[in-house]
Amino acid sequence: MMKFTPYFIKLLFLAIVLQTYPVSAQDGATQTVGLNEEIVSVDLNGDRKQVGVYTTSSSSKNPTRLAVLLPGYPSVVRPVVENGVMTNSRLSGNFLIRSRQFLVDETIASLIVDCQSDSGDLCSSTYQASKQRQEDVDKLIAEVKRRTPSISEVWLIGTSMGTISSSYMPIHNPSGYAGAIHTASITEPYARNSYRELGGFDYKKTTVPQYFVHHAADPCFLTTYAGAKSITDKYKVPLITVTGGGDFKGDACKAFTEHGFRGKEKDVMRNIGVIIKTGRADQLVIN
């Protein structure tokens, strides 16, 4: 009869645990299965640079739509790409970044947007609302379109703090984008530590089609569902309501609660993909 040593028993237990629990959605390999990624960088004024991560499906050479991903607080990505895979960043857990594989396909490519290079550790709300931000990001978009001439439409997708950019950029350049999608948007600009740039914001200042995607149970005091409902009712903008999910953890305004659509990433991104491809939201509730 075989005798099991304590060390062997520990190894056996570890093997069982690893088989029982799937690889986390945060794992870089999981995020990039079937994707090709590269750093794109353009020079700005002075020594500044604007960097992004351009992601395409390995089965597509000619995507026609570009989803420009504008991540939330602190909106500073500082990505590392090795051998065609983004292996590290300061915001790997962000909803848009960790879920990009559910959006990118033969038609849609994505561009994760970093803050300009001398931003420090925070991409300020003042800068995100500025004409300069729009011009910096548009230079990056132009470089991607130069590399991929098949791209004919550009869609802005912001989440949380990143919705400052997705809200203001269409005002600064109304002809530059096919639409803007605001996820977990800032709805309480006058709350403590919030972003006054969106106080009294008029979503009809641009004719660009806009959509809101919001979890009905978003626990963040800056991004309440009631606030999203009020905004979309006032401006007659479609609101896609998300329910459900699971494995919630962490601070209410961080990426792994309902605020970051934890457990609903695939459903949310696939519905965003439908909007990008068709120009309309055919599903207003994601259960």
Side-chain angles (χ1 to χ4, degrees), residues 37-56 62-72 74-79 81 89 91 94 96-97 100 103-104 107-119 122-183 185-186 195 197-198 201-203 205-211 272 275-276 279:
E37 301 193 295
E38 60 180 308
I39 292 283
V40 179
S41 179
V42 293
D43 293 329
L44 305 175
N45 295 333
D47 295 328
R48 297 187 310 129
K49 291 184 179 296
Q50 176 63 64
V51 171
V53 177
Y54 179 48
T55 305
T56 57
N62 299 296
T64 57
R65 292 164 174 83
L66 181 66
V68 177
L69 308 183
L70 302 157
S75 302
V76 176
V77 184
R78 304 302 184 247
V81 172
S89 82
L91 280 176
N94 180 266
L96 293 177
I97 294 177
R100 65 196 184 280
L103 179 63
V104 172
T107 301
I108 301 172
S110 75
L111 177 65
I112 300 169
V113 177
D114 200 354
C115 200
Q116 46 90 6
S117 58
D118 66 352
S119 65
L122 174 66
C123 198
S124 74
S125 57
T126 302
Y127 170 68
Q128 292 208 50
S130 70
K131 175 70 173 173
Q132 187 65 58
R133 168 69 160 173
Q134 170 261 311
E135 291 177 347
D136 292 348
V137 175
D138 276 1
K139 287 181 181 178
L140 192 66
I141 293 171
E143 174 60 21
V144 169
K145 293 176 74 174
R146 184 189 69 79
R147 298 184 185 196
T148 313
S150 57
I151 292 174
S152 59
E153 288 188 2
V154 176
W155 285 76
L156 303 175
I157 308 175
T159 198
S160 197
M161 187 187 189
T163 60
I164 300 172
S165 291
S166 61
S167 296
Y168 271 93
M169 286 176 63
I171 291 177
H172 297 313
N173 183 14
S175 64
Y177 321 107
I181 302 171
H182 315 297
T183 73
S185 183
I186 301 298
Y195 308 106
E197 288 79 9
L198 289 177
F201 188 83
D202 183 358
Y203 287 92
K205 281 185 177 180
T206 177
T207 58
V208 169
Q210 298 180 82
Y211 302 84
I272 288 174
I275 294 172
I276 291 174

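Along the sequence shown, the residues carry numbers beginning at 1. Heavy atoms only: backbone and side chains are in, while hydrogens, waters and symmetry mates are out. Predicted model, so just to flag it, every value in this text is computed and none were measured.
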Verdict with supporting geometry, Leu96 and Leu103, side-chain contact (heavy atoms from CB on, under 4.5 Å)
CA-CA 9 Å; Leu96 293 177; Leu103 179 63; over 6 Å; no
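- Side-chain contact between Asp138 and Met169: present, with at least one pair of heavy atoms (C-beta onward) separated by less than 4.5 Å.
- A donor-acceptor pair under 3.5 Å is absent between the side-chain atoms of Thr148 and the main chain of Ser150, judged by distance alone.
- Atom OG of residue Ser124 and atom OH of residue Tyr195 lie 10.5 Å apart, to the nearest 0.5 angstrom.
- Taken from OG in Ser152 to CG in Leu66, the straight-line distance is 10.5 Å, to the nearest 0.5 Å.
- The shortest distance between side-chain heavy atoms of Pro74 and Leu91 falls below 4.5 Å.
- A donor-acceptor pair under 3.5 Å is formed between the side chain of Gln128 and the backbone N or O of Cys123.
- Side-chain atoms of Leu69 and Ile97, non-hydrogen and from C-beta on, never get closer than 4.5 Å to each other.
- Side-chain atoms of Thr55 do not come within 3.5 Å of backbone N or O of Glu37 as any donor-acceptor pair.
- With a 4.5 Å cut-off on side-chain heavy atoms, Thr183 and Ile272 count as touching.
- In this structure, CG in Leu140 is found 11.5 Å from CD1 in Ile112, a value given to the nearest 0.5 Å.
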Start with the C-alpha distance between Arg48 and Asp136, add both sets of side-chain angles, then the distance that settles side-chain contact (heavy atoms from CB on, under 4.5 Å), and finish with yes or no.
CA-CA 10 Å; Arg48 297 187 310 129; Asp136 292 348; 3.2 Å; yes
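- Remark: Glu143 engages Arg146, Arg147 in a salt bridge (Lys or Arg N to Asp or Glu O under 4.0 Å) (not counting sequence neighbours).
- Tyr177 and Thr206 form no side-chain donor-acceptor contact under 3.5 Å, judged by distance and modelled atom types alone.
- Summarising the geometry of Ala178 relative to Pro209, their closest heavy-atom pair is O-CD, 3.3 Å, with the distance given to 0.1 Å.
- Without hydrogens or angle criteria, Arg78 side chain to Cys115 main chain gives a donor-acceptor distance under 3.5 Å.
- Residues Val208 and Leu156 fail the side-chain proximity criterion, which asks for heavy atoms closer than 4.5 Å.
- The shortest side-chain heavy-atom distance between Val154 and Leu111 does not fall under the 4.5 Å cut-off.
- When all heavy atoms of Ser166 and Ile181 are compared, the closest pair comes out as OG-O, 4.3 Å.
- No side-chain heavy atom of Glu38 sits under 4.5 Å from any side-chain heavy atom of Thr56.
- No donor-acceptor pair closer than 3.5 Å links the side chain of Thr163 to the backbone N or O of Thr159.
- Heavy atoms from other residues, nucleotides or ligands lying under 6.0 Å from CG of Asp202 number more than 12.
- Side-chain atoms of His182 never come within 3.5 Å of backbone atoms of Gly162 as a donor-acceptor pair (strictly under, hydrogens ignored).
- For the atom pair CD1 of Ile186 and OG of Ser125, the computed distance is 9.5 Å after rounding to the nearest 0.5 Å.
- Using a distance-only test at 3.5 Å, with no hydrogens or angles considered, no donor-acceptor pair links the side chain of Lys139 to the main chain of Asp43.
- Side-chain atoms of Tyr211 come within 3.5 Å of backbone N or O of Gly279 as a donor-acceptor pair.
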Which is it for His172 and Val137 under the side-chain contact (heavy atoms from CB on, under 4.5 Å) test, yes or no, and what are the steps along the way?
CA-CA 12 Å; His172 297 313; Val137 175; over 6 Å; no
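- For Phe201, the ring-ring contact (aromatic ring centres under 6.0 Å, His included) partners two or more places apart in sequence, or in a different chain, are Tyr168, Tyr203.
- Between Ile108 atom CD1 and Thr64 atom OG1 the span is 8.0 Å, to the nearest 0.5 Å.
- When all heavy atoms of Ser89 and Pro79 are compared, the pair lying nearest together is CB-CA, 4.0 Å.
- Side chain of Ser167 to backbone of Ile164: no donor-acceptor contact under 3.5 angstrom is found.
- Residue Gln134 holds its CD atom at 4.5 Å from CG of Asn173, rounded to the nearest 0.5 Å.
- In terms of heavy-atom proximity, Pro71 sits nearest to Val77 at CG-CG2, 3.8 Å.
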For Asp114 and Lys49, what are the C-alpha separation, side-chain angles and deciding distance, and is it a side-chain contact (heavy atoms from CB on, under 4.5 Å)?
CA-CA 10 Å; Asp114 200 354; Lys49 291 184 179 296; over 6 Å; no
